[in-house]
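Working notes, beginning with the structure itself.
Here is how names work: the chains are called A, B, and so on, in the same order as the sequence lines, proteins then strands, and each is numbered from 1. Just so we're clear, the structure is a prediction, and the values are computed from it rather than from any experiment.
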Amino acid sequence: MIDGVEGRPLEDVDLIERARDGDVRAYGDLVERYRDIAFRTAYLITRSAADAEDAAQEAFVKAYYALGRFRTQSPFRPWILRIVANEARNRVRSARRREGLVLRVAEDRPSGGAAPSPEAAALDRERDETLLAAMATLSEPDRQIITCRYLLDLSEAETADTLGIRRGTVKSRLSRALGRLRQVLPETLRPLGAAEVTDG
Amino acid sequence: MADRFDGLEGALRALAPRIAVPAAPSIAPAVIARLETERMRRARPPFPGLALWTRRRALVFAALAVLALLALAAAARFTIGAVEIRVQPTPSVTGSPPPPFDLSVLGPARSPSDAAANVRFAAALPSGPAPDSAYIVEGPTGRRSVAFAWLPSATYPQVGGTPWGLIVLEIPGDEELVLKSVNSFEDIVPAVVDGQRAEWIPTTHQLELRTADGSQTLSVDGNVLIWERDGVTYRIETALGFDAAIALAESIPG
């Protein structure tokens, strides 16, 4: 890890400047900083660990050569995620069969707060499995916008940058995607979405 | 949106940490190794005789570059019937963007039956609700195409940038009436409709409409599906997703 003054980690912009000057180690630190979100993004799109690793690695290599075009006043995260998402989408188009997303086993779940009762945990799990199954029936564009916004918890602006669409389009596409998700949910979960989608 | 999908949004956010995602592999060493290998490859010729090697290398690279440019030029534009799709980055905003694709640029609205009776091919409609309006489009040589339009409904949600829920444009022959410009190949998704090659464009792009009155550049915000069957090019613009658009397209009788 390259440290700046007083041992503090360098800001993204400093690492980017150093990488532009040919400091590959500084770029390695940047890769390390964003590898988790990059891999998670690629995995949720490709639903394959091998493809996600390839996509993330290829994206970081391409991003290195594109650093000259990166505007340093902009945040690095949506920029790199857009390249990762492009690489991941390229792999989704291949004929390879995709794994479905699955839930963590209960013991692996992040801790925090009081453990739910066995009944509540079972209900949560059933709802999560139903949601995942419903998401699997959506089109790729619908699935990707829901993935970016909720599963990756990106802001609307980051979602727009990552998917390469206009910021104003995110709201409408998301609304339509949620509407379609709600339509494929079983009756018992329909109350999760309160009303029909009417706007475009 | 928050008030309409509050519960669903909350459930999706709660779902996120519960999805099993494998631990991120250590990518940095592999990335650094690749970058350093490529840098060394560029910096050091693999054998002595630098001047001769460099000249040969330059010639080979020049030949490859020409071939690559030729391939790129061919790949960067392709056609489906009367629609040409060009892959060219749209210049970033300098001046105002083109206006949205509004059917009124095609002339006065007609009844669908009147429009269908005034074209010289058998216009066909997808199954489901009947169109609310139609427009005749005259190409540069006077050949007539037809655009059918549906108002937004639960079946056809409103297409961004238009007052419509669905637009179906049917163009006979292969006179290029529509030129679409997309930013990259990423914006075009290959598809199949009734066994025919089709293209799905789910991102905002530009459209140049070449009519008898000249050409106009317009912006398109909806999802677009294009395919050709029996000499007629079909273009659907919709807010529906990929699978629903394909099903809609395949419901148009051939």
Side-chain angles (χ1 to χ4, degrees), chain A residues 24-25 27-28 31-32 35-36 38-40 43-44 49 53 56-57 60-61 64 86 89-90 93 101-105 108-110 127-128 131-132 138-142 146 150-153 164-166 169 171-172 174-182 191-197 199-200, chain B residues 1 3-36 38-39 152 154 157-165 183-187 189-190 200 202-204 221-223 239-246:
Chain A
V24 174
R25 249 172 28 93
Y27 189 65
V31 174
E32 197 56 36
R35 75 173 166 130
D36 280 344
F39 179 77
R40 186 175 175 84
Y43 181 77
L44 290 177
E53 183 174 355
Q57 193 184 119
F60 279 116
V61 170
Y64 178 80
N86 271 342
R89 285 204 297 262
N90 283 345
R93 285 174 202 155
L101 295 176
V102 293
L103 296 174
R104 292 168 186 266
V105 292
D108 286 351
R109 292 192 176 194
R127 183 195 62 191
D128 290 345
L131 268 177
L132 277 183
L138 297 180
S139 66
E140 280 299 332
D142 281 355
I146 289 175
Y150 302 114
L151 302 190
L152 293 168
D153 201 23
I165 57 179
R166 289 183 186 162
T169 308
K171 256 192 171 50
S172 56
L174 202 51
S175 174
R176 295 199 295 264
L178 288 175
R180 285 188 278 265
L181 178 61
R182 198 180 64 84
L192 287 175
E196 287 293 337
V197 184
D199 67 341
Chain B
M1 187 161 48
D3 53 338
R4 280 185 288 141
F5 293 112
D6 215 14
L8 189 50
E9 289 179 304
L12 286 165
R13 286 204 172 94
L15 169 67
R18 295 174 185 155
I19 294 174
V21 176
S26 184
I27 298 167
V31 171
I32 291 172
R34 273 184 64 183
L35 295 176
E36 287 186 332
E38 286 177 25
R39 181 192 287 179
Q158 186 164 14
V159 177
T162 82
W164 303 107
N183 277 316
S184 73
F185 285 104
E186 314 292 324
D187 295 339
V189 181
W200 170 248
T203 55
T204 301
D221 201 29
N223 301 325
L240 297 174
F242 179 81
D243 294 335
I246 295 286

Kindly indicate whether the side chain of [X], heavy atoms from C-beta on, has any atom under 4.5 Å from the side chain of [Y].
X        : Y        : answer
B/Leu35  : A/Val61  : yes
B/Asn223 : B/Trp200 : yes
B/Pro157 : B/Leu240 : yes
A/Asp142 : B/Phe242 : no

**Prompt:** Non-hydrogen atoms of chain A under 4.5 Å away: do they reach the side chain of B/Ser26, the backbone, both or neither?
**Reply:** both

**Item:** Which portion of B/Ala23 sits near chain A, non-hydrogen atoms under 4.5 angstrom
**Value:** backbone

**Asked** With only heavy atoms counted, which part of A/Leu152 is less than 4.5 Å from chain B, the side chain, the backbone, both or neither?
**Response** neither

**Request:** Examine whether an atom of A/Asp36 lies under 4.5 Å from a heavy atom of chain B, and if so say whether it belongs to the side chain, the backbone or both; otherwise answer neither.
**Result:** both

**Message:** Quick check for you: among B/Ala28, B/Pro25, B/Pro29, which has the greatest number of heavy-atom pairs under 4.5 Å with chain A?
**Reply:** B/Pro25

**Prompt:** B/Asp243 and A/Ser139: side-chain donor and acceptor closer than 3.5 Å?
**Reply:** no

